[in-house]
Amino acid sequence: MTAFDRPAPGRESRDRIDEAPAARAGRMACFCPPGAPAPGAALDAGRWSPGVATLAAGFALSVLSQSLTLGVLPLAGRLLAPEPHLMAAPYVAMLLGAATATFPASFLLDAFGRRAALALGASLGVAGGLIMAWALSANLFAPFCLGAFWLGVAQGFSLFYRHEAALGATPAERTRAAIIVFGSGAFAGLAGPALAYVVAQAAPASLFAATALAAALAQVLVLILAVLTTARAPVLPRQSPRTESPPDWRAFVAPTLLAGLAWFGMTAAMVAAPGAMAGCGIGVPVVFSAISWHVVAMYAPAFFTGLAARRMGAQTVAALGLAMIAAAWAIEAFANDYWRFAAALIVVAIGWSFATAGASLRLYGRARPSRAMLAAHDAVLFLSAIAGAIFAAIWLLP
């Protein structure tokens, strides 16, 4: 029986969401609700689906690619930019690509399913890394920015991994699922220094291009993981989105603004630090090491923010994160050696993690977010980061 031969839905079929046809690549027979299980997925609230572990692994590999890219963009931009204030343009291009991807990622995850959507995002990241490597080898600034844009698109898709895990869990487990996926980025940050050292030893004469190739390779692994895995995190039929209350857009404003301030402050400090470190005579491999520890500090606190939010409240955790970001700015303003710059990058990353996690927990708890709301939330975060990068390029960079 095909979708066109299916009889008109009766009372029984309306009460059973598991009989609705699931969308997949090449067929858009329905627009599936967030977290709807794939055909054959077990609806067991007491067991974790393999989808959560897969999302965590894919997000970790995406963060590994991001950590390598974060070191290349400011330093290579400083060398290739025709004007000093354009050195932040590659970083802005990456953030613009991430902001552009938020709503398409949300739609594609619903219309075509997890495997097709996440594979598409990773494939664009592979293309971006290869374009960046070619542009760095040929000393071309505009193609370098284009490659950064496509890597940013992949980042926009990967940031939706935490939402995918939360929407696929029961309401009581959403926070835990999102924290597991978000915290997995810390393991990628730990692998970053070792991989950067291997790249520096293997290709010291073309360090930037080789690093971009390593970032592309990490996206290849994300692509393979997305293609080989089709499982979704389960939801219970009685807790399906069809029976939930509609999203509260008024509750969306406060956590989004808090997180946007955090992304602005963290990005401004991140863009300014590598150039300032290079100006103080700190070598490129050492800069990569500081950035890698910065990435670890961005994601490792996620394992503790849930407990902190339960004791102090999500809004208090977010406000504490903003205070740490302000303190990091003060440290970086007077930094002139590796340890002070590294301390500033670590403190700003921890503050970013607290503010982002606190805002996300409040969003999940009060706003009852839909995919459209989550996409709008992430878009505001990336736009705030773009503003921070532009601020750093105009007022903070020499």
Side-chain angles (χ1 to χ4, degrees), residues 58 60-81 86-95 97-98 121-155 158 185 187-225 270-271 273-275 277-279 281-296 298 338 341-342 345:
L61 289 169
S62 298
V63 171
L64 177 60
S65 176
Q66 176 189 1
S67 67
L68 295 170
T69 306
L70 287 177
V72 170
L73 291 178
L75 297 176
R78 188 184 184 96
L79 296 175
L80 297 179
L86 290 178
M87 66 166 287
Y91 197 90
V92 172
M94 184 185 72
L95 294 173
S123 64
L124 295 176
V126 174
L130 295 177
I131 292 173
M132 279 182 57
W134 168 73
L136 288 167
S137 300
N139 294 321
L140 298 174
F141 183 69
F144 179 60
C145 293
L146 178 62
F149 176 85
W150 288 118
L151 268 174
V153 172
Q155 182 184 353
S158 67
F187 298 103
L190 291 173
L195 184 56
Y197 176 80
V198 171
V199 172
Q201 295 298 314
S206 55
L207 176 59
F208 289 163
T211 303
L213 287 176
L217 178 60
Q219 292 292 338
V220 170
L221 297 178
V222 177
L223 174 61
I224 293 174
L225 199 61
M270 176 61 226
V271 171
M277 294 174 75
I282 300 174
V284 173
V286 181
V287 173
F288 280 0
S289 174
I291 292 173
S292 297
W293 287 113
H294 166 79
V295 174
V296 173
M298 286 173 64
Y338 168 79
F341 279 113
L345 288 173

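For the side chain to side chain donor-acceptor pair (under 3.5 Å) test, no residue two or more places apart in sequence or in another chain qualifies with Ser67. Residues satisfying the side chain to side chain donor-acceptor pair (under 3.5 Å) test with Gln155, not counting sequence neighbours, are none. Not counting sequence neighbours, the partners of Phe141 by the side chain to side chain contact (heavy atoms under 4.5 Å, CB included) test are Leu80, Ala81, Pro82, Leu86, Ala89, Pro90, Cys145. Residues satisfying the side chain to side chain contact (heavy atoms under 4.5 Å, CB included) test with Val92, not counting sequence neighbours, are Ile386, Ala389, Ile390.
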Check against side chain to side chain contact (heavy atoms under 4.5 Å, CB included), Leu75 and Phe208: CA-CA 9 Å; Leu75 297 176; Phe208 289 163; 3.8 Å; yes
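Within the structure, every pair that satisfies the side chain to side chain donor-acceptor pair (under 3.5 Å) test and touches residues 211-224, not counting sequence neighbours, is listed here: Ser65-Gln219.
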For residues 123-138, tabulate all N or O donor-acceptor pairs below 3.5 Å that involve a side-chain atom, not counting sequence neighbours.
residue, atom, partner, partner atom, Å
Ser123, OG, Ala119, O, 3.3
Ser123, OG, Leu120, O, 2.6
Ser137, OG, Ala133, O, 2.9

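Smallest separation of non-hydrogen atoms from Gly58 and Leu225: N-CD2, 3.3 Å. Between Met94 and Leu73 the shortest heavy-atom distance is SD-CD1, 3.6 Å. Pairing each heavy atom of Ala88 with each of Val271, the nearest pair is CB-CG1, 4.0 Å.
Rounding to the nearest 0.5 Å places OH of Tyr91 at 10.0 Å from OG1 of Thr69. Between the CG atom in Leu146 and the CG atom in Leu140 there is a gap of 11.5 Å [rounded to 0.5 Å]. Distance check: Ile282 CD1 to Met277 CE gives 4.0 Å after rounding to the nearest 0.5 Å. For the atom pair CG of Leu61 and CG of Leu217, the computed distance is 9.5 Å after rounding to the nearest 0.5 Å.
Between Phe144 and Val72 there is a side-chain heavy-atom pair separated by less than 4.5 Å.
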